[in-house]
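Scroll down for the structure; my scribbles are underneath it.
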Number of protein chains: 2
Amino acid sequence: MSENDAGQIKPFSQITQHDVARLANASQAAVSRVIANNGYVASDVRQRIEDAAEQLGYRPNPLARGLTKGQSNIIAVVMADIINPFYPIALDALTDAIQRSGREVLLFNAAHHQTVDDVIPAVLKYRVAGIIITTALLSSKAAEMCESMNVPVVLLSRHSQRSESFVVRCDNQLGATQAAQLMISGGCKRLAYIGGRPNSSTNTDRRVGFVSAVEKAGLAPVTVIEEIFDYRWGMDATAALFADVPDIDGVFCGDDVIAFGALDCLRFKLGKRVPQDVSVVGFDDVPSAAWSAYDLTTIRQPLELMVEKTLEFITSTDPRAPRVHTIPGELIRRSTVREPLLKA
Amino acid sequence: MSENDAGQIKPFSQITQHDVARLANASQAAVSRVIANNGYVASDVRQRIEDAAEQLGYRPNPLARGLTKGQSNIIAVVMADIINPFYPIALDALTDAIQRSGREVLLFNAAHHQTVDDVIPAVLKYRVAGIIITTALLSSKAAEMCESMNVPVVLLSRHSQRSESFVVRCDNQLGATQAAQLMISGGCKRLAYIGGRPNSSTNTDRRVGFVSAVEKAGLAPVTVIEEIFDYRWGMDATAALFADVPDIDGVFCGDDVIAFGALDCLRFKLGKRVPQDVSVVGFDDVPSAAWSAYDLTTIRQPLELMVEKTLEFITSTDPRAPRVHTIPGELIRRSTVREPLLKA
DNA sequence: TTGAAAGCGCTAACAC
DNA sequence: GTGTTAGCGCTTTCAA
């Protein structure tokens, strides 16, 4: 607007602590102290500085701050399967919580051409305040890198014995056990498990929980088939399963998306009635599980609590505190499991 | 391993250009030149530097680089409706493309407590190389901020007349027109539109395209009902619609998720057959549209092309190039629209 | 071609 | 309490 220095308005946020200091008649260091809220500064000076900052529209430059402190205000989220509907909900909750805590989210997609291990170096360059990994595990080499840079890592919804990472997860075994009990009490005799990625902890825990609960009940052993967490697989696996073992009357699925595929195969390809002929249970409770077309009985992951604990871990300082936090899921009964006959 | 300077290994990525310079017997400035690939450096020196960098596992610090250059290697993605299944696919494609171009993604969730305008200042602090906004529009004030800092903004899947932003979008009007034609050719006479957020450009464009195509065909005017892009609304709107106008035989929905709600209401609450009694068309072609339980006829947004163009815009320099890019969608015929009777 | 040197905006001793 | 000063790791003149 005005063309001289007098009324000069620098483009937004090119304003530095020097500018503020000049206007407030204080040193730049003093400005730093009040902005970072760290160190002594007389209340009248503080007031002048705050006013000046306000007036100039001062915004601290996180790049500069990160450089000097050796740590940024950024939390990295590494995700490999953004498409699977569980992850968007998780991401929504995570980003919201992180932003509310005044930090920002750097998102790394570890799908397609990159693995988690590939992206870790890129993450670390940013001197992030923490790393949240969903979906896939971390090699010990990558975990060491993080540790050597003192960056806390939390594995969300993943388990891992060996690393020093924090772990926040739903109690998958317990959930699977509940699923088994529900189906068994509904009268299922011949059960199957359609799993996702075989070597993922999520899959293993769910399988183990289910298989052992069924075993404990003295039923025929569970037929297990595992490959990947997606709809297509749920469909194909179901077809294969029933071709092999036609009298299956209950299917527990590694996640909801697999269950949707199973349900559609059962109803539209195999002509089975659910739940009369076969019962189906999923895991996660993604939004579409509640849609009428599926109305899927499933185990809900306690996402709010999981996210909360995840952020706690990131900022935790006590090295002796437990590093693994397991939260029970919640059985959501809808209409894909046969109810027990009333013994009237 | 060894305890002296000789074999000393600094923790990963604490290694600076100084360290590399010392090992390569060159100046730190020279190292900068080869790393940034910018400026003259003799080939033997370059070789030594590259070897040294390799050997030490040197990684440039993006915070420092960003500070000096006044621009980071980060692209911000602002998203408000991560839950709606269209956005995860978009996000997956976006993040993958951005990472492949050697940049990183800072994700801002503009839902819950924050609007797009709220997050823009936070975005700008990071001196990002560009901002990609999905889901919601930008006030002109926020747009000015971006412009004053010389940060390109692209509105993905949004339109906006007034701002200087780039726009990449699917041709919503055309898609809606195709939907109308398909339904009409299948024999629909009494059509309705169930829209999402009334003042969003996506919604408006789709409504206008549909309404005018129906009008052009000389049919009864379209009944319009709009509120929000979600499943629940699709369900409720459908119930309300048929209570009001029972003879509707074709429903075009603002997006797939609304269509899922409509479908479920029609089938499970209203006892209608789809497509025999009423035809339904969605928009987006999210993954679940292909699932057997829905098998929804819809318009696919050309996401790959949209993402590609978005990144082109971010790096474009020609100020006279057109700033709006509209790409036609693709009609995906599945089973929710009645086929025309064959006039044999 | 190359190195020295001056910052980028900020934090954190360190003296006063 | 406060200002001065020395960097954080990097880019970029500017001389040599």
Side-chain angles (χ1 to χ4, degrees), chain A residues 10-50 52-53 56-74 124-129 149-150, chain B residues 10-50 52-53 56-74 124-129 149-150:
Chain A
K10 293 201 186 182
F12 167 85
S13 203
Q14 303 284 53
I15 290 149
T16 74
Q17 296 188 341
H18 262 114
D19 302 317
V20 177
R22 202 173 314 128
L23 181 60
N25 225 316
S27 75
Q28 178 265 333
V31 176
S32 172
R33 290 193 187 101
V34 354
I35 296 300
N37 197 16
N38 164 12
Y40 302 109
V41 48
S43 68
D44 58 323
V45 179
R46 152 168 276 120
Q47 191 53 245
R48 287 206 314 274
I49 289 177
E50 281 170 349
L56 294 174
Y58 168 76
R59 304 267 170 181
N61 181 333
L63 269 36
R65 182 197 294 244
L67 180 60
T68 43
K69 300 202 32 159
Q71 170 163 138
S72 68
N73 219 2
I74 294 174
L124 258 12
K125 288 193 304 188
Y126 279 93
R127 307 294 191 271
V128 295
M149 293 201 59
N150 238 302
Chain B
K10 292 200 188 183
F12 168 86
S13 203
Q14 303 284 52
I15 290 148
T16 74
Q17 296 188 341
H18 263 112
D19 302 317
V20 177
R22 200 174 315 128
L23 180 60
N25 225 315
S27 74
Q28 179 265 333
V31 176
S32 172
R33 290 193 187 100
V34 353
I35 296 301
N37 198 15
N38 164 11
Y40 302 109
V41 48
S43 68
D44 59 322
V45 179
R46 152 166 278 121
Q47 191 53 246
R48 287 207 313 275
I49 290 177
E50 281 170 350
L56 294 175
Y58 168 75
R59 305 267 170 181
N61 181 333
L63 269 37
R65 181 197 295 243
L67 179 59
T68 43
K69 302 203 28 160
Q71 169 163 140
S72 68
N73 220 3
I74 294 174
L124 257 13
K125 288 193 305 188
Y126 279 93
R127 307 292 191 273
V128 295
M149 293 201 60
N150 239 303

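Each chain gets a letter, A, B and so on, in the order its sequence line appears, and its residues count up from 1.
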Any side-chain heavy-atom pair from [X] and [Y] closer than 4.5 angstrom?
X: Asn25(B); Y: Arg48(B); value: yes
X: Arg127(B); Y: Asn61(A); value: yes
X: Met149(B); Y: Gln14(A); value: yes
X: Ile49(B); Y: Arg46(B); value: no

Does OP1 or OP2 of [N] have a side-chain N or O of [X] closer than 4.0 Å?
X: Thr68(A); N: dC10(C); value: no
X: Tyr58(A); N: dC10(C); value: yes
X: Ser32(A); N: dC10(C); value: no

Along DNA chain C (nearest heavy atom to each residue), the more 5'-positioned of Asn25(B) and Val31(A): Asn25(B)
Leu67(B) side chain, from C-beta outward: closest of dG9(D), dT2(D), dC10(C): dG9(D)
Proximal nucleotide (of dC10(D), dG3(D), dG3(C)) relative to the Asn61(B) side chain: dC10(D)
Donor-acceptor pair under 3.5 Å, Arg33(A) side chain vs dG3(D) base: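 By the distance-only test, yes, there is a pair.
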Rounded off to whole Å, could you give me the [atom1]-to-[atom2] distance for the [X] and [N] pair?
X: Lys125(B); N: dC8(C); atom1: NZ; atom2: P; value: 21 Å
X: Arg127(A); N: dG9(D); atom1: CZ; atom2: P; value: 7 Å
X: Lys69(B); N: dG7(C); atom1: NZ; atom2: C1'; value: 16 Å
X: Tyr40(B); N: dT2(C); atom1: OH; atom2: C1'; value: 13 Å
X: Gln28(B); N: dT12(D); atom1: CD; atom2: P; value: 12 Å
X: Arg65(A); N: dG9(D); atom1: CZ; atom2: C1'; value: 18 Å
X: Asn38(A); N: dT2(D); atom1: CG; atom2: P; value: 15 Å
X: Ile35(A); N: dG9(C); atom1: CD1; atom2: C1'; value: 12 Å

Candidates Gln17(B), Arg59(B), Glu50(B) - the one meeting side-chain contact (heavy atoms from CB on, under 4.5 Å) with Ile35(B): Gln17(B)
Sugar-phosphate, base or nothing in reach of Val45(B), heavy atoms under 4.0 Å: sugar-phosphate
Touch class at under 4.0 angstrom, heavy-atom based, for Ala29(A) against every strand present: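 Contact class for Ala29(A): base.
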